[in-house]
Each structure stands twice: as structure tokens, then as C-alpha cells.
Chemist: 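One structure, as C-alpha cells, below. Some questions next.
Just so it is clear: chains get the letters A, B, ... in the order the sequence lines come, proteins before strands, and each one is counted from 1. Just so you know, these numbers use all the heavy atoms, side chains as well, and skip hydrogens, waters and symmetry mates.
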There are 2 protein chains.
Amino acid sequence: MMQQNVFNMLADPTRFRIVEALVGGEQAVGDLVRAVDIDQSGVSRHLRILGEAGFVVMRPEGARRLYSLRPEPFQAIDDWVASYRKLWEGRLDRFDAALARKSEERK
Amino acid sequence: MMQQNVFNMLADPTRFRIVEALVGGEQAVGDLVRAVDIDQSGVSRHLRILGEAGFVVMRPEGARRLYSLRPEPFQAIDDWVASYRKLWEGRLDRFDAALARKSEERK
DNA sequence: ACTCTAAATATGCATACATATACATATGCA
DNA sequence: TGCATATGTATATGTATGCATATTTAGAGT
């Protein structure tokens, strides 16, 4: 099921930039601060919010905290937008059926 | 390119419900008001916002205004989330290559 | 054709509420 | 002690909402 929470996370420009910065792999808070251009306290807060929403996980390494993306919310978006695919694909061919099957594998 | 504008539209719960109500086809404002449970003025305002963001188009029919979804923003989301697919798919097999090709057809 | 009325939708205005941010400070680790 | 990260507090800004009103269209009656 799709809760709009997921889009709420990405709607904030700073959080979006954080997510985009994390797609390449895990990053320490300090690295993200440099990537995002708000105060470090704000980055930490956004990371907490993202964590509570299931977007990121944290792994301590010494004094640093390494954050990385979790796949679930992105899978949820992928599944959700699939139901809108009919908007730009007129028909349901064999390929789309394969897509649907692939999507089923996740459950 | 992905601007977080797109997610902003879906982040609002009322707008999300409007979008979901429109996936089945075009709807008059009055129909959407019944589906969404805020004042009609609010629905009209959200429809304007969605229109300015490229999510919906309007077609007058007598005194009614029929709104329907445009495919572009959903295509954009689909394309964007595709770049996160590596989070849950370890490798790039022949099927994924076909996916990538299919995504290319749009351009 | 003209006017009046009712229905559907849009907009101006005021308000309330959420939340992103910075600064200062606390906590944890080397 | 010094570096990295988290949190408390205050503030400011955006924006969703309702109410009242304007606008547009259809239809009926004369």
C-alpha cells in the first residue's frame, strides 16, 4: 500500500539531495553536510526523519555514522507508479505481463 | 531531470487522493469533492496547482470542468526510480537490459 | 431575444498549523 | 582535548483550509 509519507520525504529539497547523495553508497554525516549546504544540525535531523521513515539505516564506524539507503521505499514507489503506466502505454502486451510477474516476485 | 516539485505535488494528502481518483479517468470537480472530503474551494485550488505542475489538464464540458491526468510526471518518476533499482536488484541481467531499452524508447 | 435563477467552479482573504532552519549545547569516541 | 554527531529551543516561512463572493454556463419562462 502507498502512503503519501514516502513522497513527503522526497518533497523536501534538502532531503532529496541527501537521498541523491546516498545513491552512490553510504556516506558519513560530514560528507552529506558538504553535499547539501545547510547546517550540520539540520542534516542530522533530516537523517533522523529519513531513518524513521525507513529510507536510511545507520552504521557507526568509530565516531562517524555512516548512512545508507534502504530499498523498500523505492520499491514502493516503483510499484505505485507502475499502476500509472497505463497513462502512457496504451495496451498490455506480453512484456508488461512479464513486468507484472517480476513485480510479484518481491512479495 | 528530476525536480522535487514532482514529489511536492504527491506529498500533500489531498492532492494525492485527487490523483488517485483521476487514475480511473477524467472527473468533474464535483466528483472529486465527494472523493476528497475538503471544501470545493480547496479542491479547485489543488487542481490549479496540479495543472501548473503539469499533472492534470482541464476540458470544459458545459458548466463542468473535466480534469484528467497527464502522463509526463509519472513517466518522470518512473525514470527517476529506475536509477534506484540497483538497490534491490543485485545484477543487470538480460531482462533488466530490456527494461533499460524500453525506458529509452520514451526519449 | 431577454431576464432570472440555479448549478458548477474559481478566487480573495484571513487563519492556523506544520516544519525547515540556525544557534548553542550536549553526548560520544579517539 | 579535539572531532563528529545529535538534540533543545526559538523563529520564520510556507501553505492547506474554510468562508464568502465572483464568474460562468444552462435552462425556463415570458
Chemist: When the nearest nucleotide of DNA chain C is assigned to B/A28 and to A/T14 on a heavy-atom basis, which residue is associated with the more 5' position?
Modeler: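 Closest to the 5' end, via its nearest nucleotide, is B/A28.
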Chemist: In whole angstrom, give the distance that lies between atom CD of B/Q27 and atom C1' of C/dA8.
Modeler: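 Rounding to the nearest Å, CD of B/Q27 and C1' of C/dA8 are 15 Å apart.
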Chemist: Can you tell me the distance, in whole Å, between the CG atom of A/L32 and the P atom of C/dT21?
Modeler: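 Atom CG in A/L32 sits about 14 Å away from atom P in C/dT21.
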Chemist: Less than 4.0 angstrom between a side-chain N/O of A/R15 and OP1 or OP2 of C/dA20, yes or no?
Modeler: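 True: A/R15 side-chain N/O within range (under 4.0 Å) of C/dA20 OP1/OP2.
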Chemist: Rounded to whole Å, how long is the line connecting atom CG of A/D39 with atom P of C/dT25?
Modeler: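 Computing the A/D39:CG to C/dT25:P distance gives 14 Å.
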Chemist: Among A/Q40, A/R48, A/H46, which residue meets the side chain to side chain donor-acceptor pair (under 3.5 Å) test with A/S44?
Modeler: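 The passing option is A/Q40.
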Chemist: How close or far is atom C1' of D/dG14 from atom CE of B/M9, stated in whole angstroms?
Modeler: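 Going from B/M9 (CE) to D/dG14 (C1'), I get 13 Å.
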Chemist: Could you please name the option among C/dA20, C/dC29, C/dA10 that lies closest to any side-chain atom of B/S44?
Modeler: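 Closest of the options to the side chain of B/S44: C/dA10.
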Chemist: Given C/dT21, is OP1 or OP2 found less than 4.0 Å from the side-chain N or O atoms of A/H46?
Modeler: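 Result: yes.
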Chemist: Could you check whether the rings of A/F74 and A/F55 sit parallel, tilted or perpendicular, using 30° and 60° as the cut-offs?
Modeler: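 Judged by the thresholds at 30° and 60°, the geometry between A/F74 and A/F55 is perpendicular.
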Chemist: With a 3.5 Å limit on both atom pairs, tell me what C/dA30 is paired to, counting Watson-Crick and G-U wobble, or say none.
Modeler: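 Across any shown strand, C/dA30 pairs with D/dT1.
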Chemist: Between B/Y84 and B/W88, is the gap from one ring center to the other below 6.0 Å?
Modeler: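 No, the ring of B/Y84 stays outside the 6.0 Å limit from the ring of B/W88, centre to centre.
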Chemist: Closer than 4.0 Å, any side-chain N/O of B/R64 to the OP1 or OP2 of C/dT9?
Modeler: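 No.
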Chemist: Base, sugar-phosphate, or nothing: which does B/I49 touch, judged by heavy atoms less than 4.0 Å apart?
Modeler: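 Sugar-phosphate contact only.
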Chemist: Find the distance B/E61:CD to D/dA26:P and express it as a whole number of Å.
Modeler: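 One finds 10 Å between P of D/dA26 and CD of B/E61, rounded.
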Chemist: Rounded to the nearest Å, what distance is computed from the CG atom of residue A/D12 to the P atom of nucleotide D/dT13?
Modeler: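 A/D12 atom CG is separated from D/dT13 atom P by 17 Å.
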Chemist: Does one side chain, of B/W80 or B/Q75, offer a donor that lies under 3.5 Å from an acceptor on the other?
Modeler: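 The answer is no; no qualifying pair exists.
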Chemist: Under 4.0 Å: is that the gap between some side-chain N or O of A/R45 and OP1 or OP2 of C/dA20?
Modeler: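 It does not, given that no N or O in the side chain of A/R45 lies less than 4.0 Å from OP1 or OP2 of C/dA20.
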Chemist: Can you say whether a donor on the side chain of A/Q40 sits under 3.5 Å from an acceptor on the base of D/dA6, or the other way round?
Modeler: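 Result: at least one qualifying N/O pair found.
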Chemist: Check this one for me: any side-chain N or O of A/Y67 less than 4.0 Å away from OP1 or OP2 of D/dA4?
Modeler: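 Looking at the OP1 and OP2 atoms of D/dA4, neither is under 4.0 Å from any side-chain N or O of A/Y67.
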Chemist: Choosing from D/dT17, D/dT7, C/dA10, which nucleotide comes nearest the side chain of B/V29?
Modeler: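 Nearest listed nucleotide: C/dA10.
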Chemist: Identify the two heavy atoms, one from A/I18 and one from A/L47, that lie closest to each other, and give their separation to 0.1 Å.
Modeler: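 It is CG2-CD2, 4.0 Å.
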Chemist: Taking atom C1' of D/dA16 as reference, at what distance in whole Å does atom CG of B/L10 sit?
Modeler: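 So the two atoms are 16 Å apart, to the nearest Å.
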Chemist: Is there a side-chain polar atom (N or O) of A/R65 under 4.0 Å from OP1 or OP2 of C/dG28?
Modeler: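 So the side chain of A/R65 is outside the cut-off, no N or O lying under 4.0 Å from OP1 or OP2 of C/dG28.
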Chemist: Does B/R15 use its side chain to pair, donor to acceptor, with the backbone of B/M9 at less than 3.5 Å?
Modeler: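 Side chain of B/R15 to backbone of B/M9: a pair is present.
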Chemist: Rounded to whole Å, how long is the line connecting atom CZ of A/F7 with atom C1' of C/dT19?
Modeler: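 Taking CZ of A/F7 and C1' of C/dT19, I get 20 Å after rounding.
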Chemist: Would you classify A/G42 as touching base, sugar-phosphate or nothing, given that sugar-phosphate means primed atoms plus P, OP1 and OP2, and contacts are heavy atoms under 4.0 Å?
Modeler: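 Since no nucleic acid heavy atom lies under 4.0 Å of A/G42, the category is nothing.
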Chemist: B/A63 side chain: which of D/dA16, D/dA6, D/dT25 is closest?
Modeler: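 Looking only at side-chain atoms, B/A63 lies closest to D/dT25.
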